[in-house]
Amino acid sequence: MTKQTYRRRAGIILGAILGLVFGVLSQGVNSILLPGIDLYLPPFGLAGNILLAGGIGASLGLLCAWMESSVPGVLSAAAVGAVLMLVAAFFTGSTPLMEMPVSTIGFVFLFIPFTGMLIPLLGLVRTTINKLTDSRLEKQSFLARWWLPVLVIASAGAIGWTLVYTVPARTVLTHSHQMLQQGLTASSMAMMPPPLTGPEMDDFSSHASQSYTLAWDDKRINAYAIPRTAAPEYLMSVVIARFDNGWNVVCLYPTAESQPRCRSFDKLP
């Protein structure tokens with residue numbers, strides 16, 4: 001096996017491992033921490049998203065390792081990675097790092113900073129690939145050969161962990177799930193949870209279906225135009241319930257411990 005072939009193979013394997021570790025932590029841990037709650041995980045659900053992350057990681061790893069020179073490989077992988085991030089942001093309506101709408105013009109202007117953000121990360125990946133390639137025939141100890149790959153994989157896990165729901169987020173998601181379950185089993189309006197009978201709500205019993213997914217957001221709380229009580233905005237968050245019949249309920253929590261105010265939507269804004 002030539003050095004170039006080995007380097008590309010190492011890029012695919014390392015990239016796939018990084019993607020899978022990131023995908024498992026960012027997608028799977030929330031489901032473990034919230035048993036019994038069906039979370040909204042676009043675009044392909046839990047297993048599909050983990051496999052997608054692994055595939056993207058393998059592709060970027062291969063692209064990063066493709067050229068003999070490190071710099072062009074890192075730059076090309078960073079550029080492709082930035083495009084993928086912005087395409088995802090374009091369809092979700094905001095960038096992954098800030099509450100900022102992404103239009104075609106915004107796509108162009110954000111391409112360079114997103115590429116620059118990825119260059120150090122992919123530079124570390126290429127350095128790791130080079131180390132694995134150069135040390136394949138050297139008689140190094142296990143620790144000397146693998147400390148950098150282990151560090152890079154741990155870093156991917158740490159980045160994935162930043163997407164795990166916080167304790168306040170899990171608290172309001174659990175409360176929303178229990179409230180919706182109570183609403184679905186209520187035999188009369190008197191037994192319906194008060195947030196589901198508010199002035200912004202359509203009749204819950206006639207609109208809700210038995211199956212739904214939940215998502216949490218603390219950035220786009222103004223998008224749903226739900227009247228709020230006096231509370232610091234940094235404590236506020238919303239839980240979005242998407243029913244399988246297309247109906248939606250969004251509940252605004254002023255704090256994790258307070259009762260929410262809910263609003264129904266035939267189509268989410």
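For the numbers below, each heavy atom of this structure counts, side chains included, while hydrogens, waters and symmetry mates do not. Residue numbers run from 1 in the order of the sequence given.
- The shortest non-hydrogen separation linking D218 to M236 is CB-O, 3.8 Å.
- Between F265 and Y224, the ring planes are perpendicular. Angles over 60° get that label, and only those under 30° would be called parallel.
- Closest of all the heavy-atom pairs between L184 and A208 is CD2-CB, 3.9 Å.
- Here the closest heavy-atom approach between residue S31 and residue L39 is recorded as N-CD1, 3.9 Å.
- Within 6.0 Å of the CZ atom in R170, the count of heavy atoms belonging to other residues, nucleotides or ligands exceeds 12.
- Using cut-offs of 30° and 60° for the angle between ring planes, the H175 and Y253 rings count as perpendicular.
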**OP:** Could you give me the CA-CA distance, side-chain angles and deciding distance for L148 and L124, then say whether side chain to side chain contact (heavy atoms under 4.5 Å, CB included) is met?
**Re:** CA-CA 9 Å; L148 185 56; L124 181 59; 4.1 Å; yes
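- Between G11 and I129, the shortest heavy-atom distance links the atoms CA-CD1, 3.5 Å.
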Subject >> side chain to side chain contact (heavy atoms under 4.5 Å, CB included) assessment of F243 paired with L180 >> reply: CA-CA 11 Å; F243 291 85; L180 293 171; 4.2 Å; yes
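- The minimum heavy-atom distance between D244 and S209, with the atom names listed, is OD1-OG, 2.5 Å.
- For S76 against G73, the heavy-atom pair with the smallest separation is OG-O, 2.9 Å.
- Under the 4.5 Å side-chain contact rule for hydrophobic residues, F44 and I56 share a cluster.
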